[in-house]
Amino acid sequence: QVQLVESGGGLVQAGGSLRLSCAASGRTFSSRAMAWFRQVPGKEREFVAKITWSGGYTYYGDSVKGRFTISKDNAKNTMFLQMNSLKPEDTAVYYCAADSSLVLRQVNPTDWGQGTQVTVSS
């Protein structure tokens, strides 16, 4: 099992920026990649971005392309999500996940963090 702890959420005005972090520990060697998802109450969890464990490849959901950047500090087993040009529709609980998929454009979450709230005011 992989333990994941998110941080960095908060309240920001539209057009602003936030940086989320996700620290991984435990059986991290079982993961092929890490990913970010987000969820609004009453809706399905939405894929945001994915990065391979080495950090060499990334993949983004259409709604965040060009605004969000996923990255990883391998030495610290920590993943980041830099969110720029935030919009009110980006408001959600953001979750990080360990991913066992070998295919870049597919995600198979195996473990989840507890989530961090991001609120974008208009």
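Heavy atoms only: backbone and side chains are in, while hydrogens, waters and symmetry mates are out. Along the sequence shown, residues are numbered consecutively beginning with 1.
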Exercise. Between Trp112 and Tyr95, how do the two ring planes meet: parallel, tilted or perpendicular, split at 30° and 60°?
Worked result: perpendicular
Quick check: closest heavy atoms across [X] and [Y], and the distance to 0.1 Å?
X: Leu18; Y: Leu86; answer: N-CD1, 3.8 Å
X: Leu11; Y: Ser121; answer: CD1-CB, 4.3 Å
X: Ala98; Y: Leu4; answer: N-CD1, 3.5 Å
X: Ala24; Y: Trp53; answer: CB-CH2, 4.4 Å

Is there a side-chain contact between [X] and [Y], using heavy atoms and a 4.5 Å cut-off?
X: Cys96; Y: Met79; value: yes
X: Asp99; Y: Thr110; value: no
X: Lys50; Y: Met34; value: no
X: Ser85; Y: Phe68; value: no
X: Ile70; Y: Tyr59; value: no
X: Leu104; Y: Thr52; value: yes

For this session: Before giving the answer on side chain to side chain contact (heavy atoms under 4.5 Å, CB included), spell out for Leu81 and Val48 the whole-Å C-alpha distance, their side-chain angles and the decisive distance to 0.1 Å.
Result: CA-CA 10 Å; Leu81 186 68; Val48 174; 4.1 Å; yes
Measuring from [X]:[atom1] to [Y]:[atom2], what's the distance to the nearest 0.5 Å?
X: Thr69; Y: Arg19; atom1: OG1; atom2: CZ; value: 10.5 Å
X: Ile51; Y: Cys22; atom1: CD1; atom2: SG; value: 11.5 Å
X: Asn77; Y: Ser25; atom1: CG; atom2: OG; value: 8.5 Å
X: Ser122; Y: Glu89; atom1: OG; atom2: CD; value: 10.0 Å
X: Leu20; Y: Met83; atom1: CG; atom2: CE; value: 3.5 Å

Check the side chains of [Y] and [X] for a donor-acceptor pair under 3.5 angstrom, ignoring hydrogens and angles.
X: Arg67; Y: Ser17; value: no
X: Asn84; Y: Gln82; value: yes
X: Glu46; Y: Ser63; value: yes

Problem set entry | Sole candidate of Glu6, Gln39, Arg38, Gln117 that passes side-chain hydrogen bond (donor to acceptor under 3.5 Å, both in side chains) when paired with Tyr94 |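 Passing option: Arg38.
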Exercise. Under 4.5 Å between side-chain heavy atoms, hopping through other hydrophobics if needed: is there a path connecting Phe37 to Val120?
Worked result: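 They do not share one cluster, since no chain of ILVMFWY contacts under 4.5 Å joins Phe37 to Val120.
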Exercise. Going hydrophobic residue to hydrophobic residue with side-chain gaps under 4.5 angstrom, can you get from Val93 over to Phe80?
Worked result: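 No, because Val93 and Phe80 fall into different hydrophobic clusters, even though each may have its own neighbours under 4.5 Å.
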Problem set entry | Aromatic ring proximity, centroids under 6.0 angstrom, Tyr60 and Phe47 | no
Problem set entry | Asp62 and Lys65 ion-paired at < 4.0 Å |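 Yes, charged N to carboxylate O under 4.0 Å.
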Exercise. Just by modelled atom types, is the Ala23 backbone N or O under 3.5 Å from a matching donor or acceptor in the Thr78 side chain?
Worked result: no
Exercise. Just by modelled atom types, is the Gly9 backbone N or O under 3.5 Å from a matching donor or acceptor in the Thr116 side chain?
Worked result: yes
Exercise. Is the CD atom of Gln114 crowded by more than 12 outside heavy atoms at less than 6.0 Å?
Worked result: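 Check passes, neighbour count above 12.
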